[in-house]
Chemist: 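Let me begin by handing over the structure; questions about it come next.
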Amino acid sequence: MAENSQVSFTLAGDSTLNVQLCGVWQLRSGVPPATLVERELETGRARSVAFDAGKLGSWDSSVLIFLVQLSELCRQRQIPMDRAGLPAGVQKLLALAEAVPERKGARRELTEASVLERIGTTAIGVAGSLTEMLSFLGEMTISSVRLFGMKARYRASDLFLLIQQCGAQALPIVTLISFLVGVILAFVGAVQLKQFGAQIYVADLVGIAMMREMGAMMTGIIMAGRTGAAFAAQLGTMKVTQEVDALTTAGFSPLEFLVLPRVIALILMMPLLCLYSDFVGVLGGAAIGAGMLDLSWTTYFHETVNAITLTDIFGGVFKSSIYGVLIALSGCLRGLQCGNSSSAVGDAATSAVVTGIVAIVVACGSFAVVFYILGI
Amino acid sequence: MAVKPIGSNGANAHITVKDLTMAFGSFVLMRDLNFAINRGDVFIIMGGSGSGKSTLLRHMIGLIEPAQGNVFYGDQNFTKAEPAQKQELLRRMGVLFQTGGLWSSMTLSENIGMLLEEYTGLNSNEIREAASLKLALVGLKGFEDYYPSQISGGMQKRAGLARAMALDPEVLFFDEPSAGLDPISSRLLDELILELRDSLGATVVVVTHELASIFTIGNNSVFLDPDAKTMTASGDPKELLAHCPDPKVRAFLRRGEKEKS
């Protein structure tokens with residue numbers, strides 16, 4: 001095995017510190033600490049430093065790291081360093097590393113911010129993002145008004161494509177989740193209600209829960225994860241590739257051109273998906289009713305039809321439409337706020353899902369209170 | 001009413017930048033930028049990497065609001081313009097972005113057609129014809145129905161140029177046109193820029209640090225120095241090479257090679 005890197009030094013003629021570099025210097029076997037030489041320099045006996053690389057084998061950047069440290073030590077103590085004894089390659093690389101002086105103010109100070117400073121910075125950040133959100137909402141309101149005046153400009157073909165993406169193509173996942181939610185609700189109810197011999201009320205439980213809350217809520221959460229994230233990623237990437245800038249300079253408002261069709265597509269598709277989800281959820285409940293509780297399919301459906309009202313259904317459908325707006329707006333807002341890198345696109349997608357789900361849950365809570373007060 | 005060409009009020013300055021300060025928050029990138037671009041100029045914004053060349057261009061086309069100062073097109077203040085007036089001025093500009101900036105969900109023909117559809121009275125057949133013509137001008141005849149992701153980077157850039165000239169603009173902006181192009185394509189693009197200037201009579205503003213391009217096409221320029229945080233020279237690049245008092249500018253224009261005494 002090759003001999004590892006070694007440093008030794010001798011004091012020649014009382015004033016010159018002769019540093020000998022021996023062996024094979026490789027980054028993977030580590031760099032000898034410059035402190036060895038530092039201790040010798042601190043004695044003050046050396047007035048200059050010279051090198052002897054006669055026994056130096058193969059070398060890589062490890063030699064340079066050691067020499068740069070040493071050179072800095074010498075510079076601090078104003079001890080001249082004679083590099084003649086170093087291999088020509090090392091001398092050239094050292095000269096290259098020192099050719100451009102450090103730019104003033106370029107180095108970042110890594111200081112720990114105080115608690116107050118961090119609270120302040122966060123507060124300013126939150127205020128800034130709130131302002132941004134409000135101005136986005138304001139501009140969207142203006143765009144919607146233009147939409148009703150038939151003045152908004154977007155491509156109809158984009159809208160149809162989006163409707164397809166967030167409508168028909170979302171059906172498989174909505175089917176799966178809604179069916180399972182129906183099954184879960186029925187299970188939870190069945191265990192409790194069976195104790196009282198009131199299995200038939202599982203149909204009421206599943207029906208009302210799906211129509212009033214779970215249908216809209218589950219579709220909302222699925223669409224926030226599926227479509228909200230996609231919107232943010234699409235718009236974020238368009239921002240990175242300067243497509244959004246190109247729209248602006250061509251005189252097209254990115255809000256009208258990119259955001260409006262997405263909002264419209266979700267407003268139109270969410271109620272349909274919600275109705276579909278309601279139906280599949282009831283089907284899931286019925287499967288448990290028929291399979292575990294010995295209820296016939298007909299009895300189950302009769303009970304469901306008796307339990308739910310049109311108000312329940314329309315309440316859910318209305319909510320889903322609002323959730324659609326929230327998902328589209330949070331996805332597009334995060335997409336348009338996206339920075340200029342690939343990691344920023346990922347952050348935008350994540351943030352879109354989080355914002356979307358938080359908005360849905362908050363809206364759901366508000367609806368519950370409002371519906372209660374209105375007696376719906 | 002005939003549209004009044006920008007800068008037709010006797011003065012020859014087509015674009016004037018006055019006391020412009022570019023800043024991000026409290027960080028000032030450049031201050032006190034003052035220069036004028038004449039009608040028909042090929043104006044070069046030059047400077048080292050990270051000196052704010054592209055940012056200056058983004059200020060000039062209204063993508064970033066200046067911290068201070070104004071940009072004038074002819075005698076109209078673009079920075080302080082009302083949205084409708086700004087749109088009107090933007091319609092007379094064409095921009096080629098660094099990455100091409102083509103709309104990826106549309107074919108090349110649709111990319112160009114969208115502008116024609118919005119701003120002209122042409123019918124769909126005529127729009128397609130016009131889009132083909134623009135693509136032919138940049139050597140992309142036959143690629144009308146390709147999506148931007150299906151063609152090479154150099155072709156995307158040329159398609160971006162075709163889109164930038166869709167409406168026969170009075171000002172063309174180029175953000176690093178030769179970045180990512182091989183030397184031959186880069187020279188062809190330079191020739192194309194000059195031809196367009198001569199045939200359309202457009203004013204051209206180019207952000208670049210390619211010396212070959214600077215000397216071939218530029219007849220006016222501004223040099224941004226990130227250390228001084230302002231412009232340190234302006235004028236014809238060939239003149240600057242010979243007579244600029246600032247050694248940094250001369251070194252830049254000589255690729256850092258030593259001057260012969």
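In what follows, chains are A, B, ... by sequence order, proteins preceding strands, each numbered from 1. Only heavy atoms go into these numbers, but all of them, side chains included; no hydrogens, no water, no symmetry mates.
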Chemist: Do any of residues 326-348 of chain A have a heavy atom less than 4.5 Å from a heavy atom of chain B, and if so, which, in residue order?
Modeler: none

Chemist: Can you tell me which portion of B/Tyr119 sits under 4.5 Å from chain A's heavy atoms? Options are side chain, backbone, both or neither.
Modeler: side chain

Chemist: Can you tell me if A/Lys92 has over 12 outside heavy atoms packed within less than 6.0 Å of its NZ?
Modeler: no

Chemist: In Å and rounded to the nearest 0.5 Å, what is the OG to CD distance from B/Ser105 to A/Gln234?
Modeler: 9.0 Å

Chemist: Should we say atom CD of B/Glu82 is surrounded by more than 12 heavy atoms from elsewhere, each under 6.0 Å from it?
Modeler: no

Chemist: So which heavy atom on A/Gln242 is nearest to which on B/Gln98, and how close?
Modeler: OE1-N, 3.3 Å

Chemist: Considering only heavy atoms, which portion of B/Glu110 lies under 4.5 Å from any heavy atom of chain A: side chain, backbone, both, or neither?
Modeler: side chain

Chemist: Taking only heavy atoms into account, what residues of residues 114-144 of chain A are found under 4.5 Å from chain B?
Modeler: none

Chemist: Who are the salt bridge (Lys or Arg N to Asp or Glu O under 4.0 Å) partners of B/Glu144, not counting sequence neighbours?
Modeler: none

Chemist: Please indicate whether A/Tyr276 has more than 12 foreign heavy atoms, meaning atoms of other residues, nucleotides or ligands, lying under 6.0 Å from its OH.
Modeler: yes

Chemist: Among residues 57-66 of chain B, which ones touch chain A with a heavy-atom distance under 4.5 Å?
Modeler: B/Arg58, B/Ile61, B/Leu63

Chemist: In the structure I gave you, are the side-chain heavy atoms of B/Met114 and A/Phe257 within less than 4.5 Å of one another anywhere?
Modeler: yes

Chemist: Does A/Arg155 have more than 12 heavy atoms from other residues, nucleotides or ligands lying within 6.0 Å of its CZ?
Modeler: yes

Chemist: Work out which heavy atom in B/Ser104 is nearest to a heavy atom in A/Glu243; give both atom names and the distance.
Modeler: N-OE1, 2.9 Å

Chemist: Identify which part of B/Leu102 has an atom lying under 4.5 Å from any heavy atom of chain A, answering side chain, backbone, both or neither.
Modeler: backbone

Chemist: Please name the pair of heavy atoms, one in A/Ala246 and one in B/Gly101, separated by the smallest distance, quoted to 0.1 Å.
Modeler: CB-O, 3.5 Å

Chemist: Heavy-atom distance under 4.5 Å to chain B: side chain of A/Leu247, backbone, both or neither?
Modeler: both

Chemist: Any idea which of B/Leu167, B/Thr99, B/Leu115 has the most non-hydrogen atom pairs under 4.5 angstrom with chain A?
Modeler: B/Thr99

Chemist: Which residue out of B/Lys86, B/Gln87, B/Glu118, B/Glu117 racks up the most heavy-atom pairs below 4.5 Å with chain A?
Modeler: B/Glu118

Chemist: Would you mind reporting whether A/Thr249 and B/Phe97 have side-chain heavy atoms less than 4.5 Å apart?
Modeler: yes

